[in-house]
Amino acid sequence: MNIHLAADENDARRWEAFAESFAQSSNYHRWGWKQVIEESFDWPTYYLMASEGDSIRGILPLAWQRSRVFGSFLTSLPFLNCAGVAAQTAEARKALVQEAVNLSQRLGVSYLELRHREDQNLALPQKTNKVSVYLEVEPNEDRMMKSLRHEVRTKIRKAIKSGLTAEIEGPDSLDDFYRVFAQNMRDLGTPVYSKVFFQTIYRTFPSDTFLCVVRYQGEAVAASLMTAFRDTLETVWGSSLRKYLHMAPNMLMYWRMARLAAERGFRIFDFGRSTVGSGPHHFKLQWSSKELVLHWDYWLPEGKNLPEINPRNPKYRTAIWLWQHLPLSVANRLGPRIVRAIP
């Protein structure tokens with residue numbers, strides 16, 4: 001079993017062919033995400049490829065983030081749900097993980113985080129407090145509406161009666177999406193990504209990226225960016241403006257996205273990742289949806305504890321409060337510099 005860093009065009013073609021054909025690979029194993037990460041954040045990436053002779057047996061994409069505040073770590077991959085080890089054999093899986101550990105030791109990182117959709121039985125410390133919530137869509141819109149709970153249908157109708165509209169729009173609406181997203185992130189006390197990140201996703205995956213925008217009297221009040229792969233349409237980044245929440249824009253937005261999945265022939269609409277027990281988690285479960293537990297595995301230097309870089313960690317409470325009270329223009333200017341260091 002040979003492990004090497006995929007780097008040139010030939011490696012890229014072989015990697016992409018494996019990611020497209022291997023049933024256990026995810027959207028985020030595709031080679032294009034390497035370009036998205038490097039161009040948007042200027043992080044070093046390490047795309048490990050396991051091969052036997054001319055045959056690819058497995059892949060593992062990694063990105064290296066460094067920060068004086070949060071430390072140094074390798075992740076597969078930051079911001080995304082499940083780009084951990086994708087291997088045809090136990091031997092390839094073991095070799096890829098061992099090389100990732102070796103790389104972690106050479107770089108001196110605080111931890112290695114491998115994000116998986118299924119349990120890979122790696123005998124490593126693991127977190128299972130994140131879930132992916134998904135809905136099996138119904139091609140017939142009326143039947144899909146009837147399959148929803150009464151209270152969900154009522155809220156969707158309320159949004160429509162309030163004068164909200166939800167449409168699938170193109171990259172020309174990225175500015176509207178970003179205005180809503182940036183304001184919501186500030187209100188949550190979380191640094192925002194740069195607009196370049198979303199522009200690069202659109203440019204890299206033009207036929208697999210979609211925007212849903214909810215408007216009231218022409219103004220964008222909610223918006224979500226989706227990405228598609230195989231039989232699944234996933235919403236990854238979505239937000240609503242708080243002043244319009246009483247009109248239920250989120251309900252209309254998610255209903256429109258589920259309808260888009262059905263219209264385009266997808267089998268699954270994925271609501272995206274949530275922390276178990278959180279508000280977004282409960283919101284997504286009300287849609288008669290199902291959930292899949294995510295398995296995030298960690299290699300840690302001896303004596304180190306599992307990382308807790310999340311808004312629920314009490315040590316970040318003051319920073320979150322301060323961020324929520326920043327002028328939006330300041331938060332938008334500083335956010336992309338800070339978020340580069342957060343996985």
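As the structure is a computational prediction, the values presented were derived from the model and not from experiment.
- Under a 3.5 Å cut-off, the side chain of Asn184 and the backbone N or O of Val180 do not form any donor-acceptor pair.
- The aromatic ring centroids of Phe283 and Phe271 lie 6.0 Å or more from each other.
- Aromatic rings of Phe205 and Phe229 (six-membered ring for Trp) have centroids beyond the 6.0 Å cut-off, not under it.
- Results of the side-chain hydrogen bond (donor to acceptor under 3.5 Å, both in side chains) test with Lys284 over Ser274, Ser289, Ser132 single out Ser274 as the only residue that passes.
- The backbone N or O of Asp187 lies less than 3.5 Å from a partner atom in the side chain of Arg242, making a donor-acceptor pair.
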Under the side chain to side chain contact (heavy atoms under 4.5 Å, CB included) rule, what do Val133 and Leu285 come out as? Steps first, then yes or no, please. CA-CA 7 Å; Val133 180; Leu285 288 180; 4.3 Å; yes

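- A salt bridge does not link Lys155 to Glu151: none of the charged nitrogens lies less than 4.0 Å from a carboxylate oxygen.
- Counting only distance, with no hydrogens or angles, the side chain of Thr89 and the backbone of Ala92 share a donor-acceptor pair below 3.5 Å.
- The side-chain tip of Lys290 does not point at the ring of Tyr134 from less than 6.0 angstrom away and within 45° of straight on.
- Side-chain N/O atoms of Gln286 and Arg149 include no donor and acceptor closer than 3.5 Å.
- Of the possible polar contacts, one joining the Arg230 side chain to the Glu20 backbone as a donor-acceptor pair under 3.5 Å is found.
- In this structure, the separation between CZ on Arg273 and CD on Glu234 is 9.0 Å, given to the nearest 0.5 Å.
- Considering every non-hydrogen atom in both Ala83 and His29, the closest pair reads C-NE2, 3.5 Å.
- Trp299 has its ring centre no less than 6.0 Å from the ring centre of Tyr111.
- Here Trp237 and Phe177 keep their ring centres 6.0 angstrom or further from each other.
- Taken to the nearest 0.5 Å, the CD atom of Glu16 stands 9.5 Å off from the CH2 atom of Trp31.
- Judged purely by atom type and a 3.5 angstrom limit, Arg14 uses its side chain to pair as donor or acceptor with the backbone of Asp54.
- No hydrogens or angles considered: nothing links the side chains of Thr235 and Asp270 as a donor-acceptor pair under 3.5 Å.
- Side-chain rings of Phe210 and Tyr202 stay apart, their centers remaining 6.0 Å or farther from each other.
- Between the CH2 atom in Trp255 and the CD1 atom in Ile160 there is a gap of 9.0 Å [rounded to 0.5 Å].
- Rounding to the nearest 0.5 Å places OG1 of Thr45 at 9.0 Å from CG of Leu62.
- In this structure the side chain of Leu211 never reaches within 4.5 angstrom of the side chain of Pro171, judged on heavy atoms.
- Look at Glu169 and Arg215 and you find a salt bridge, because one of the NZ, NE, NH1 or NH2 atoms lies within 4.0 Å of a carboxylate O, short of that distance.
- Here the straight-line distance linking atom CD of Glu91 with atom CG of Leu96 works out to 10.5 Å at 0.5 Å rounding.
- In this structure, Glu263 pairs ionically with Arg256, as a charged nitrogen and a carboxylate oxygen lie closer than 4.0 Å.
- Within the 3.5 Å criterion, the main-chain N or O of Gly279 finds no donor-acceptor partner in the side chain of His282.
- In summary, Lys127 and Asp297 do not engage in a salt bridge, as defined by a charged side-chain N under 4.0 Å from a carboxylate O.
- For residues 193-214, the pairs satisfying salt bridge (Lys or Arg N to Asp or Glu O under 4.0 Å) are Arg30-Asp208, Glu39-Arg203, Asp175-Lys195, with sequence neighbours left out.
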